[in-house]
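Here the structure is a predicted model, which means the values were calculated and not measured.
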Amino acid sequence: MSIRARTNGQWRMADPYILPEDLIEERFIAASGPGGQNVNKVATAVQLRINIYALGLPLHAFRKLKQLAGSRLNSEGDLVITARRFRTQEANRTDARARVTALIAQSFERDPPRIKTKPSKAAKARRVDAKKSRASVKQGRGKVRPD
C-alpha cells in the first residue's frame with residue numbers, strides 16, 4: 001500500500017510511511033499473561049507514544065486517524081500503542097511501529113463520497129401497499145366478537 005510522506009512541506013507518494021524518530025516516545029513495561037518467571041523479571045512489552053498533532057497530517061487524514069485511533073488517543077493528542085505479543089523487546093518494538101504505520105496509512109485512504117438516493121414513486125407506492133396489506137392481516141387477528 002502506498003501512502004504519502006511529507007518532504008519540504010509537500011505531500012508526495014512514498015512506500016512505506018516513515019515515522020519521524022524525534023516524535024516517537026517508547027517505554028518498556030512489564031508484560032502480562034503467560035511466560036513464566038521471565039514475565040515478572042523482564043520488561044518486554046513496549047508502550048509507544050506519538051503526538052498526532054506534531055505529525056502534520058493533512059486535514060482529511062488527521063480526522064480519520066482520530067476516528068480510527070478511538071480509545072488509543074488520549075486528551076493530549078498522543079496515540080498510545082501497547083505491544084506485548086512477543087517475548088522480546090525488539091519484536092514488540094517492531095510490532096508497535098508497524099501498527100502505528102498501518103494506522104497512519106489507513107488514515108490516508110479516503111472514504112468514497114456518499115451519493116444520496118431517492119426512492120421512486122413506484123417504490124413508495126409498493127411500500128404503502130405492503131403496509132396496508134400487513135395492517136389488514138393484523139387487524140384480522142383481533143378478538144372475535146359475537147354480534
Nearest heavy-atom pair of [X] and [Y]: which atoms, and what distance?
| X | Y | value |
| --- | --- | --- |
| Ile52 | Leu79 | CG2-CB, 4.0 Å |
| Ala96 | Val46 | CB-CG1, 3.8 Å |
| Phe86 | Ala91 | CB-CB, 3.5 Å |
| Ile104 | Ser107 | O-OG, 2.6 Å |
| Pro119 | Lys124 | O-CE, 3.9 Å |

About how many Å separate CG of Asn92 and CD of Glu26, when rounded to the nearest 0.5 Å?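 Atom-to-atom, Glu26:CD and Asn92:CG are 10.5 Å apart.
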
Distance from Ser120 atom OG to Arg126 atom CZ, nearest 0.5 Å?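 Separation between the atoms: 5.5 Å.
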
Indicate yes or no for a side-chain donor-acceptor contact from [X] to the backbone of [Y] under 3.5 Å, with no hydrogens or angles considered.
| X | Y | answer |
| --- | --- | --- |
| Gln89 | Phe28 | no |
| Asn51 | Asp78 | no |
| Arg93 | Thr88 | no |
| Asp95 | Ala83 | no |

Taking [Y] as the starting point, is it possible to reach [X] by hopping between hydrophobic residues whose side chains are less than 4.5 Å apart?
| X | Y | value |
| --- | --- | --- |
| Val80 | Ile29 | no |
| Val100 | Leu57 | yes |
| Ile81 | Leu55 | yes |

side-chain contact (heavy atoms from CB on, under 4.5 Å) between Val137 and Gln139: does it pass, once the steps are laid out? CA-CA 5 Å; Val137 167; Gln139 200 167 18; over 6 Å; no

Under 4.0 Å between a Lys/Arg side-chain N and an Asp/Glu carboxylate O for Lys64 and Asp111?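 The answer is yes: the pair qualifies as a salt bridge.
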
Student check: side-chain heavy atoms of Arg97 and Leu48 closer than 4.5 Å: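 Touching, per the 4.5 Å side-chain cut-off.
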
Got a sec, which pairs hit side-chain hydrogen bond (donor to acceptor under 3.5 Å, both in side chains) with one end in residues 67-77, sequence neighbours left out?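 Applying side-chain hydrogen bond (donor to acceptor under 3.5 Å, both in side chains) to every pair that reaches into residues 67-77, excluding sequence neighbours, yields Asn74-Glu76.
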
Let's go through Thr44 and Arg87 carefully: what are the C-alpha distance in whole Å and the side-chain angles of both, what is the deciding distance for side-chain contact (heavy atoms from CB on, under 4.5 Å) to 0.1 Å, and is it a yes or a no? CA-CA 6 Å; Thr44 56; Arg87 290 177 62 110; 5.8 Å; no

Can you label the angle between the Phe108 ring and the His60 ring as parallel, tilted or perpendicular, going by 30° and 60°?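 Judged by the thresholds at 30° and 60°, the geometry between Phe108 and His60 is perpendicular.
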
